[in-house]
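Given the structure is predicted, the values throughout are model-derived calculations rather than measurements. Below, chains carry the letters A, B, ... as their sequence lines are ordered, and counting in each starts from 1. Heavy-atom basis, side chains included; hydrogens, waters and symmetry copies ignored.
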Amino acid sequence: MPLIEVSGLHKSFGGHEVLKGISLQVMRGQVLALIGPSGGGKSTLLRCINLLTVPDLGRITVGDQAIDFDGRRTSLPNDRTLARFRASTGMVFQHFNLFSHMTALQNVMEGPVTVLGTAKTRASEEARALLDKVGLLERADVYPDKLSGGQKQRVAIARALAMRPSVMLFDEVTSALDPELVAEVLTVMRGLAKEGMTMILVTHEMGFARDVADEVIFMRDGVVAESGPPSRVIDQPRSEAARAFLGRFKTEAGRRAP
Amino acid sequence: MYHWDFGILWTYRALLATGLAYTLLFTAICVVLGLLIGLVTGVGRLSKNRLVSAVLRGYVELFRCTPVLVQLVWFYYALPVLTGLQISATLAATLCLSLYGGAFYSEIVRGGIISTDRGEIEAAQALGMRRYQVLRRIVLPQALKRMVPPLMSQSIMQLKNTSLLSVLAVPDLLYQGQVVAHETYRPLELYTFIAIAYFLVLWPVTLWAKRLEFGASVAEA
(Lines give C-alpha, C1' and ligand atoms only; values in the text may rest on other atoms or scores of the structure.)
Protein backbone atom coordinates (compact mmCIF):
# COMPACT_ATOMS: atom_id res chain seq x y z
CA MET A 1 0.00 0.00 0.00
CA PRO A 2 1.42 3.38 -0.96
CA LEU A 3 2.28 5.85 1.81
CA ILE A 4 1.20 8.83 -0.27
CA GLU A 5 -1.61 8.66 -2.75
CA VAL A 6 -2.93 11.56 -4.78
CA SER A 7 -5.83 10.98 -7.11
CA GLY A 8 -7.66 13.17 -9.57
CA LEU A 9 -6.27 16.39 -8.16
CA HIS A 10 -7.54 19.62 -9.68
CA LYS A 11 -6.65 23.16 -8.71
CA SER A 12 -7.45 26.50 -10.32
CA PHE A 13 -6.32 29.97 -9.44
CA GLY A 14 -8.82 32.46 -10.73
CA GLY A 15 -9.80 31.05 -14.10
CA HIS A 16 -6.47 29.36 -14.68
CA GLU A 17 -6.34 25.62 -14.11
CA VAL A 18 -2.91 24.79 -12.70
CA LEU A 19 -3.52 21.11 -11.90
CA LYS A 20 -5.67 19.17 -14.33
CA GLY A 21 -6.30 15.85 -12.63
CA ILE A 22 -3.02 14.67 -11.17
CA SER A 23 -2.65 11.17 -9.73
CA LEU A 24 0.45 9.68 -8.20
CA GLN A 25 1.61 7.19 -5.60
CA VAL A 26 4.68 7.06 -3.44
CA MET A 27 5.66 3.95 -1.51
CA ARG A 28 7.28 4.15 1.90
CA GLY A 29 11.00 4.85 1.57
CA GLN A 30 10.73 5.99 -2.04
CA VAL A 31 12.00 9.24 -3.48
CA LEU A 32 9.88 10.95 -6.11
CA ALA A 33 11.25 13.86 -8.13
CA LEU A 34 8.93 16.30 -9.88
CA ILE A 35 10.58 18.03 -12.80
CA GLY A 36 9.39 20.20 -15.63
CA PRO A 37 9.16 23.79 -16.82
CA SER A 38 8.16 26.61 -14.48
CA GLY A 39 4.44 27.16 -14.23
CA GLY A 40 3.77 23.51 -14.92
CA GLY A 41 2.17 22.95 -11.53
CA LYS A 42 4.99 21.13 -9.67
CA SER A 43 5.11 23.43 -6.66
CA THR A 44 1.34 23.71 -6.50
CA LEU A 45 1.10 19.92 -6.44
CA LEU A 46 3.66 19.72 -3.65
CA ARG A 47 1.87 22.40 -1.64
CA CYS A 48 -1.40 20.56 -2.09
CA ILE A 49 0.06 17.44 -0.51
CA ASN A 50 0.36 19.21 2.84
CA LEU A 51 -2.63 21.46 2.14
CA LEU A 52 -0.78 24.77 2.20
CA THR A 53 -2.69 25.12 -1.03
CA VAL A 54 -6.17 23.67 -0.90
CA PRO A 55 -7.14 21.56 -3.91
CA ASP A 56 -10.52 22.07 -5.59
CA LEU A 57 -11.14 18.45 -6.40
CA GLY A 58 -9.56 15.10 -5.71
CA ARG A 59 -8.25 13.00 -2.86
CA ILE A 60 -5.04 13.10 -0.87
CA THR A 61 -3.90 10.29 1.39
CA VAL A 62 -0.89 10.43 3.67
CA GLY A 63 -0.49 7.30 5.76
CA ASP A 64 -3.84 6.63 7.43
CA GLN A 65 -5.18 10.15 6.92
CA ALA A 66 -7.23 10.93 3.84
CA ILE A 67 -8.94 14.15 2.83
CA ASP A 68 -11.42 14.45 -0.02
CA PHE A 69 -12.14 17.59 -1.96
CA ASP A 70 -15.40 17.54 -3.81
CA GLY A 71 -15.25 20.83 -5.67
CA ARG A 72 -18.10 22.25 -3.63
CA ARG A 73 -16.11 22.80 -0.48
CA THR A 74 -15.90 26.52 0.05
CA SER A 75 -13.73 26.49 3.14
CA LEU A 76 -10.87 24.42 4.49
CA PRO A 77 -11.30 21.33 6.61
CA ASN A 78 -11.33 22.46 10.22
CA ASP A 79 -8.23 23.89 11.78
CA ARG A 80 -7.48 20.84 13.92
CA THR A 81 -7.73 18.33 11.07
CA LEU A 82 -5.62 20.53 8.88
CA ALA A 83 -2.92 20.97 11.52
CA ARG A 84 -2.72 17.23 12.21
CA PHE A 85 -2.49 16.48 8.53
CA ARG A 86 0.29 18.98 8.00
CA ALA A 87 2.24 17.78 11.01
CA SER A 88 2.69 14.39 9.37
CA THR A 89 4.45 15.93 6.38
CA GLY A 90 7.71 17.87 6.60
CA MET A 91 8.01 20.81 4.23
CA VAL A 92 11.17 22.60 3.16
CA PHE A 93 10.75 25.82 1.20
CA GLN A 94 12.72 27.54 -1.51
CA HIS A 95 13.23 30.62 0.66
CA PHE A 96 13.93 28.71 3.91
CA ASN A 97 11.28 30.60 5.89
CA LEU A 98 13.10 30.21 9.18
CA PHE A 99 11.48 31.98 12.12
CA SER A 100 13.60 35.11 12.25
CA HIS A 101 13.04 35.82 15.94
CA MET A 102 14.36 32.41 17.00
CA THR A 103 17.83 30.89 17.03
CA ALA A 104 18.62 27.87 14.89
CA LEU A 105 18.02 25.63 17.90
CA GLN A 106 14.72 27.30 18.78
CA ASN A 107 13.60 26.97 15.17
CA VAL A 108 14.15 23.23 15.33
CA MET A 109 12.51 22.91 18.76
CA GLU A 110 9.46 24.96 17.85
CA GLY A 111 7.42 22.21 16.16
CA PRO A 112 7.87 19.54 18.83
CA VAL A 113 7.32 21.98 21.72
CA THR A 114 4.33 23.87 20.34
CA VAL A 115 2.61 21.23 18.24
CA LEU A 116 3.52 17.94 19.90
CA GLY A 117 3.84 19.25 23.46
CA THR A 118 7.31 17.74 23.90
CA ALA A 119 9.11 18.85 27.08
CA LYS A 120 11.65 21.57 26.36
CA THR A 121 14.66 19.70 27.69
CA ARG A 122 13.91 16.68 25.53
CA ALA A 123 13.06 18.81 22.49
CA SER A 124 16.34 20.65 22.94
CA GLU A 125 18.32 17.41 23.06
CA GLU A 126 16.61 16.10 19.94
CA ALA A 127 17.06 19.43 18.17
CA ARG A 128 20.77 19.38 18.95
CA ALA A 129 21.04 15.88 17.55
CA LEU A 130 19.30 17.02 14.35
CA LEU A 131 21.50 20.10 14.02
CA ASP A 132 24.49 17.82 14.45
CA LYS A 133 23.13 15.61 11.71
CA VAL A 134 22.96 18.54 9.26
CA GLY A 135 26.40 19.69 10.42
CA LEU A 136 25.34 22.82 12.24
CA LEU A 137 25.58 21.99 15.92
CA GLU A 138 28.10 24.77 16.51
CA ARG A 139 25.63 27.28 15.03
CA ALA A 140 22.79 26.26 17.34
CA ASP A 141 22.50 29.60 19.15
CA VAL A 142 22.79 31.80 16.08
CA TYR A 143 19.86 33.74 14.61
CA PRO A 144 18.93 33.11 10.95
CA ASP A 145 20.21 36.51 9.75
CA LYS A 146 23.72 35.37 10.68
CA LEU A 147 23.52 32.14 8.67
CA SER A 148 24.41 31.60 5.03
CA GLY A 149 21.71 30.43 2.64
CA GLY A 150 22.99 26.87 2.72
CA GLN A 151 23.07 26.88 6.52
CA LYS A 152 19.55 28.30 6.69
CA GLN A 153 18.29 25.57 4.43
CA ARG A 154 19.97 22.88 6.52
CA VAL A 155 18.37 24.31 9.66
CA ALA A 156 15.04 24.31 7.81
CA ILE A 157 15.52 20.63 6.99
CA ALA A 158 16.31 19.87 10.65
CA ARG A 159 13.22 21.84 11.69
CA ALA A 160 11.01 19.74 9.42
CA LEU A 161 12.65 16.49 10.56
CA ALA A 162 12.04 17.36 14.20
CA MET A 163 8.34 16.60 13.70
CA ARG A 164 9.26 13.02 12.67
CA PRO A 165 7.19 13.36 9.52
CA SER A 166 6.28 10.32 7.48
CA VAL A 167 7.27 12.15 4.29
CA MET A 168 9.53 15.10 3.49
CA LEU A 169 8.49 17.58 0.81
CA PHE A 170 11.21 19.70 -0.80
CA ASP A 171 10.10 22.68 -2.87
CA GLU A 172 13.01 23.81 -5.07
CA VAL A 173 15.14 23.99 -1.97
CA THR A 174 18.37 24.86 -3.76
CA SER A 175 16.97 27.36 -6.27
CA ALA A 176 17.59 30.40 -4.07
CA LEU A 177 21.12 29.36 -3.12
CA ASP A 178 24.43 30.58 -4.46
CA PRO A 179 25.86 27.80 -6.64
CA GLU A 180 28.69 27.01 -4.20
CA LEU A 181 26.17 26.38 -1.39
CA VAL A 182 23.98 23.91 -3.28
CA ALA A 183 26.15 20.87 -2.58
CA GLU A 184 25.95 21.07 1.23
CA VAL A 185 22.15 20.98 1.08
CA LEU A 186 22.05 18.18 -1.48
CA THR A 187 24.45 16.15 0.68
CA VAL A 188 22.03 16.34 3.60
CA MET A 189 19.15 15.31 1.35
CA ARG A 190 21.12 12.45 -0.11
CA GLY A 191 21.80 11.24 3.42
CA LEU A 192 18.10 11.30 4.22
CA ALA A 193 17.25 9.33 1.10
CA LYS A 194 19.87 6.76 2.03
CA GLU A 195 18.31 6.37 5.49
CA GLY A 196 15.07 5.44 3.79
CA MET A 197 13.14 8.69 4.27
CA THR A 198 10.17 9.00 1.94
CA MET A 199 10.68 12.17 -0.09
CA ILE A 200 8.96 14.16 -2.78
CA LEU A 201 11.05 16.87 -4.33
CA VAL A 202 10.49 19.58 -6.87
CA THR A 203 13.87 20.24 -8.36
CA HIS A 204 15.84 21.60 -11.25
CA GLU A 205 18.93 19.65 -10.17
CA MET A 206 18.71 16.93 -12.81
CA GLY A 207 21.92 15.23 -11.75
CA PHE A 208 20.67 14.97 -8.19
CA ALA A 209 17.25 13.71 -9.30
CA ARG A 210 18.89 11.05 -11.44
CA ASP A 211 21.07 9.87 -8.53
CA VAL A 212 18.53 9.92 -5.74
CA ALA A 213 15.04 9.50 -7.15
CA ASP A 214 13.34 6.14 -7.54
CA GLU A 215 10.77 7.72 -9.77
CA VAL A 216 10.63 10.90 -11.79
CA ILE A 217 7.52 12.70 -12.95
CA PHE A 218 7.76 15.21 -15.76
CA MET A 219 4.96 17.74 -15.32
CA ARG A 220 3.83 20.20 -17.91
CA ASP A 221 0.70 22.35 -18.16
CA GLY A 222 -0.86 20.78 -15.09
CA VAL A 223 -0.64 17.16 -16.17
CA VAL A 224 1.79 14.28 -15.69
CA ALA A 225 3.39 14.24 -19.11
CA GLU A 226 5.77 11.40 -18.39
CA SER A 227 6.73 9.24 -15.44
CA GLY A 228 9.04 6.39 -14.65
CA PRO A 229 12.50 5.62 -13.33
CA PRO A 230 15.08 8.41 -13.83
CA SER A 231 17.04 6.31 -16.30
CA ARG A 232 14.05 6.53 -18.60
CA VAL A 233 12.44 9.92 -17.94
CA ILE A 234 15.66 11.90 -17.62
CA ASP A 235 17.96 10.02 -19.94
CA GLN A 236 15.53 8.81 -22.59
CA PRO A 237 12.46 11.03 -22.50
CA ARG A 238 9.79 9.98 -24.96
CA SER A 239 7.76 13.15 -25.41
CA GLU A 240 8.97 16.05 -27.48
CA ALA A 241 8.33 18.49 -24.61
CA ALA A 242 10.41 16.51 -22.13
CA ARG A 243 13.20 16.14 -24.64
CA ALA A 244 13.23 19.88 -25.28
CA PHE A 245 13.13 20.68 -21.56
CA LEU A 246 15.87 18.25 -20.61
CA GLY A 247 17.94 19.15 -23.65
CA ARG A 248 18.10 22.70 -22.41
CA PHE A 249 19.48 21.45 -19.12
CA LYS A 250 22.13 19.42 -20.86
CA THR A 251 23.35 22.33 -22.93
CA GLU A 252 23.29 24.60 -19.88
CA ALA A 253 25.23 22.05 -17.87
CA GLY A 254 27.58 21.68 -20.78
CA ARG A 255 28.15 25.39 -20.92
CA ARG A 256 28.70 25.64 -17.21
CA ALA A 257 31.29 22.88 -17.10
CA PRO A 258 32.85 22.58 -20.54
CA MET B 1 4.03 95.27 32.09
CA TYR B 2 2.47 92.11 33.48
CA HIS B 3 3.72 91.17 36.87
CA TRP B 4 4.24 87.40 36.97
CA ASP B 5 3.55 85.68 40.24
CA PHE B 6 4.32 81.98 40.22
CA GLY B 7 4.02 81.88 44.00
CA ILE B 8 0.34 81.02 43.71
CA LEU B 9 1.29 77.65 42.23
CA TRP B 10 2.77 76.70 45.56
CA THR B 11 -0.32 77.87 47.39
CA TYR B 12 -2.52 75.64 45.27
CA ARG B 13 -0.03 72.76 45.00
CA ALA B 14 -2.40 70.18 46.47
CA LEU B 15 -5.11 70.93 43.94
CA LEU B 16 -2.66 70.91 41.04
CA ALA B 17 -1.04 67.70 42.22
CA THR B 18 -4.44 66.02 42.30
CA GLY B 19 -4.95 67.22 38.74
CA LEU B 20 -1.67 65.74 37.60
CA ALA B 21 -2.47 62.49 39.38
CA TYR B 22 -5.85 62.34 37.62
CA THR B 23 -4.20 62.95 34.27
CA LEU B 24 -1.64 60.20 34.81
CA LEU B 25 -4.21 57.78 36.19
CA PHE B 26 -6.61 58.39 33.32
CA THR B 27 -3.81 57.96 30.82
CA ALA B 28 -2.74 54.69 32.40
CA ILE B 29 -6.28 53.30 32.45
CA CYS B 30 -7.12 54.46 28.94
CA VAL B 31 -3.82 53.19 27.53
CA VAL B 32 -4.28 49.73 29.07
CA LEU B 33 -7.93 49.43 28.07
CA GLY B 34 -7.19 50.95 24.67
CA LEU B 35 -4.39 48.45 24.04
CA LEU B 36 -6.65 45.54 24.94
CA ILE B 37 -9.40 46.84 22.70
CA GLY B 38 -6.84 47.56 19.98
CA LEU B 39 -5.35 44.07 20.16
CA VAL B 40 -8.71 42.33 19.98
CA THR B 41 -9.94 44.66 17.24
CA GLY B 42 -6.74 44.50 15.23
CA VAL B 43 -6.73 40.68 15.28
CA GLY B 44 -10.51 40.52 14.79
CA ARG B 45 -10.40 42.68 11.70
CA LEU B 46 -8.31 39.98 10.03
CA SER B 47 -11.02 37.43 10.76
CA LYS B 48 -12.38 35.44 7.85
CA ASN B 49 -15.86 36.11 9.22
CA ARG B 50 -17.07 39.04 7.11
CA LEU B 51 -19.58 40.25 9.69
CA VAL B 52 -16.96 40.43 12.45
CA SER B 53 -14.44 42.29 10.33
CA ALA B 54 -17.09 44.66 8.94
CA VAL B 55 -18.44 45.58 12.38
CA LEU B 56 -14.94 46.18 13.72
CA ARG B 57 -14.01 48.21 10.69
CA GLY B 58 -17.11 50.35 11.24
CA TYR B 59 -16.08 50.97 14.82
CA VAL B 60 -12.54 51.95 13.85
CA GLU B 61 -13.61 54.33 11.10
CA LEU B 62 -16.28 55.91 13.28
CA PHE B 63 -13.79 56.75 16.02
CA ARG B 64 -11.00 57.76 13.68
CA CYS B 65 -13.15 60.09 11.63
CA THR B 66 -14.86 62.07 14.38
CA PRO B 67 -13.14 64.53 16.72
CA VAL B 68 -12.46 63.08 20.14
CA LEU B 69 -13.95 66.17 21.78
CA VAL B 70 -17.24 65.53 19.99
CA GLN B 71 -17.08 61.90 21.09
CA LEU B 72 -16.54 62.85 24.71
CA VAL B 73 -19.48 65.19 24.76
CA TRP B 74 -21.61 62.63 22.96
CA PHE B 75 -20.71 59.86 25.40
CA TYR B 76 -21.57 62.05 28.35
CA TYR B 77 -24.79 63.66 27.10
CA ALA B 78 -26.22 61.43 24.38
CA LEU B 79 -25.27 57.92 25.47
CA PRO B 80 -27.26 58.07 28.76
CA VAL B 81 -30.34 59.25 26.87
CA LEU B 82 -29.90 56.53 24.27
CA THR B 83 -29.36 53.68 26.72
CA GLY B 84 -31.31 54.98 29.69
CA LEU B 85 -28.26 54.36 31.88
CA GLN B 86 -26.95 57.27 33.87
CA ILE B 87 -23.17 57.27 33.74
CA SER B 88 -20.73 59.51 35.51
CA ALA B 89 -18.45 61.91 33.68
CA THR B 90 -15.48 59.79 34.73
CA LEU B 91 -16.97 56.62 33.28
CA ALA B 92 -18.08 58.32 30.08
CA ALA B 93 -14.60 59.76 29.67
CA THR B 94 -12.85 56.45 30.35
CA LEU B 95 -15.11 54.60 27.95
CA CYS B 96 -14.71 57.18 25.24
CA LEU B 97 -10.95 57.65 25.43
CA SER B 98 -10.34 53.90 25.61
CA LEU B 99 -12.46 53.26 22.54
CA TYR B 100 -10.87 56.20 20.75
CA GLY B 101 -7.37 54.95 21.57
CA GLY B 102 -8.39 51.38 20.75
CA ALA B 103 -9.39 52.41 17.23
CA PHE B 104 -5.94 53.83 16.56
CA TYR B 105 -4.09 51.05 18.37
CA SER B 106 -5.99 48.46 16.34
CA GLU B 107 -4.67 49.91 13.10
CA ILE B 108 -1.12 49.63 14.44
CA VAL B 109 -1.74 46.04 15.54
CA ARG B 110 -3.31 45.13 12.20
CA GLY B 111 -0.43 46.71 10.31
CA GLY B 112 2.09 44.84 12.45
CA ILE B 113 0.37 41.54 11.83
CA ILE B 114 -0.07 41.85 8.09
CA SER B 115 3.55 42.88 7.66
CA THR B 116 4.67 39.47 8.97
CA ASP B 117 6.57 37.43 6.42
CA ARG B 118 4.09 35.16 4.62
CA GLY B 119 6.73 32.45 4.32
CA GLU B 120 7.22 32.17 8.08
CA ILE B 121 3.48 31.79 8.56
CA GLU B 122 3.44 29.00 5.98
CA ALA B 123 6.40 27.34 7.65
CA ALA B 124 4.51 27.41 10.96
CA GLN B 125 1.40 25.97 9.31
CA ALA B 126 3.53 23.30 7.68
CA LEU B 127 4.75 22.25 11.12
CA GLY B 128 1.13 21.65 12.02
CA MET B 129 0.46 24.72 14.11
CA ARG B 130 -3.13 25.72 14.67
CA ARG B 131 -4.18 29.25 13.77
CA TYR B 132 -3.89 30.63 17.32
CA GLN B 133 -0.49 28.99 17.72
CA VAL B 134 0.80 30.67 14.57
CA LEU B 135 -0.43 33.97 15.93
CA ARG B 136 0.97 33.49 19.41
CA ARG B 137 4.33 31.92 18.54
CA ILE B 138 5.28 33.44 15.20
CA VAL B 139 3.24 36.50 14.26
CA LEU B 140 2.77 38.42 17.50
CA PRO B 141 6.32 38.17 18.91
CA GLN B 142 7.69 39.69 15.71
CA ALA B 143 4.84 42.12 15.14
CA LEU B 144 4.98 43.42 18.72
CA LYS B 145 8.59 44.44 18.29
CA ARG B 146 7.67 46.46 15.22
CA MET B 147 4.55 47.84 16.88
CA VAL B 148 6.19 49.24 20.00
CA PRO B 149 7.33 52.62 18.61
CA PRO B 150 3.98 53.56 17.00
CA LEU B 151 2.12 52.28 20.06
CA MET B 152 4.27 54.56 22.20
CA SER B 153 3.53 57.64 20.13
CA GLN B 154 -0.16 56.80 20.15
CA SER B 155 0.01 56.53 23.95
CA ILE B 156 1.61 59.95 24.09
CA MET B 157 -1.39 61.22 22.14
CA GLN B 158 -3.60 59.47 24.68
CA LEU B 159 -2.04 61.44 27.50
CA LYS B 160 -2.52 64.71 25.67
CA ASN B 161 -6.11 63.79 24.88
CA THR B 162 -6.88 63.47 28.58
CA SER B 163 -6.74 67.29 28.69
CA LEU B 164 -10.09 67.18 26.90
CA LEU B 165 -11.61 65.56 29.98
CA SER B 166 -11.83 69.01 31.52
CA VAL B 167 -14.89 69.74 29.38
CA LEU B 168 -16.73 67.05 31.35
CA ALA B 169 -15.50 68.54 34.63
CA VAL B 170 -13.22 65.58 35.33
CA PRO B 171 -10.62 67.09 37.66
CA ASP B 172 -7.54 66.48 35.51
CA LEU B 173 -4.51 68.74 35.33
CA LEU B 174 -6.09 71.19 32.91
CA TYR B 175 -9.38 71.35 34.80
CA GLN B 176 -7.71 71.93 38.16
CA GLY B 177 -5.53 74.58 36.57
CA GLN B 178 -8.61 76.34 35.23
CA VAL B 179 -10.21 76.22 38.68
CA VAL B 180 -7.16 77.80 40.23
CA ALA B 181 -6.94 80.35 37.43
CA HIS B 182 -10.52 81.46 38.01
CA GLU B 183 -9.96 81.71 41.71
CA THR B 184 -6.73 83.69 41.56
CA TYR B 185 -7.19 85.62 38.30
CA ARG B 186 -3.77 84.29 37.32
CA PRO B 187 -4.48 82.39 34.04
CA LEU B 188 -1.11 83.16 32.46
CA GLU B 189 0.86 81.56 35.28
CA LEU B 190 -1.49 78.61 35.42
CA TYR B 191 -1.52 77.84 31.70
CA THR B 192 2.23 78.26 31.53
CA PHE B 193 2.59 75.83 34.40
CA ILE B 194 0.20 73.37 32.80
CA ALA B 195 2.06 73.43 29.51
CA ILE B 196 5.38 72.90 31.27
CA ALA B 197 3.96 70.08 33.37
CA TYR B 198 2.68 68.22 30.28
CA PHE B 199 6.01 68.78 28.58
CA LEU B 200 8.02 67.48 31.52
CA VAL B 201 5.94 64.32 31.63
CA LEU B 202 5.95 63.69 27.90
CA TRP B 203 9.43 64.71 26.85
CA PRO B 204 11.22 61.83 28.59
CA VAL B 205 8.64 59.45 27.14
CA THR B 206 9.27 60.64 23.60
CA LEU B 207 13.01 60.26 24.15
CA TRP B 208 12.43 56.74 25.35
CA ALA B 209 10.16 56.04 22.37
CA LYS B 210 12.87 57.27 20.02
CA ARG B 211 15.38 54.94 21.59
CA LEU B 212 13.04 52.00 21.21
CA GLU B 213 12.44 52.95 17.60
CA PHE B 214 16.17 53.00 16.99
CA GLY B 215 16.48 49.62 18.69
CA ALA B 216 13.71 48.19 16.52
CA SER B 217 15.31 49.45 13.32
CA VAL B 218 18.67 47.98 14.34
CA ALA B 219 17.05 44.65 15.15
CA GLU B 220 15.35 44.73 11.76
CA ALA B 221 18.61 45.28 9.86
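The most heavy-atom pairs under 4.5 Å with chain B, out of A/Val92, A/Leu116, A/Leu52, come from A/Leu52. Ranked by heavy-atom pairs shorter than 4.5 Å toward chain B, the options A/Gly90, A/Ala160, A/Ser100, A/Pro112 are led by A/Ser100. Ranked by non-hydrogen atom pairs under 4.5 Å with chain A, the options B/Gly119, B/Pro141, B/Ala124 are led by B/Gly119. Between chain B and the residues A/Met91, A/His101, A/Arg80, A/Arg84, the largest count of heavy-atom pairs under 4.5 Å involves A/His101. In terms of heavy-atom pairs under 4.5 Å with chain A, the best-connected choice from B/Arg118, B/Gln133, B/Gln125 is B/Gln125.
Interface residue A/Arg47: only side-chain heavy atoms are found under 4.5 Å from chain B. Neither the backbone nor the side chain of A/Leu169 comes within contact range of chain B; no heavy atoms are under 4.5 Å apart. For chain B, no part of A/Ser88 is nearby; none of its heavy atoms comes within less than 4.5 Å. At a 4.5 Å heavy-atom cutoff, the contact between A/Phe99 and chain B is made by backbone and side-chain atoms alike. At a 4.5 Å heavy-atom cutoff, the contact between A/Asn50 and chain B is made by side-chain atoms alone.
The CD atom of A/Gln153 sits 5.5 Å away from the CD1 atom of A/Ile157 when rounded to the nearest 0.5 Å.
One side chain, B/Ser155 or B/Tyr105, offers a donor N or O that lies under 3.5 Å from an acceptor on the other. Residues A/Ser43 and A/Asp171 have side chains that bring a donor and an acceptor to within less than 3.5 angstrom of each other.
A salt bridge links B/Arg64 with B/Glu61: at least one charged nitrogen is closer than 4.0 Å to a carboxylate oxygen. Under the 4.0 Å criterion applied to side-chain N and carboxylate O atoms, A/Arg159 and A/Glu110 are not assigned as salt-bridge partners.
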### CA sep, side-chain torsions, deciding dist, call: B/Arg45, B/Glu107, salt bridge (charged side-chain N to carboxylate O under 4.0 Å, His left out)
CA-CA 9 Å; B/Arg45 278 197 62 186; B/Glu107 284 294 274; 2.8 Å; yes
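Using a 4.5 Å heavy-atom cutoff, the side chains of A/Phe170 and A/Thr203 are not in contact.
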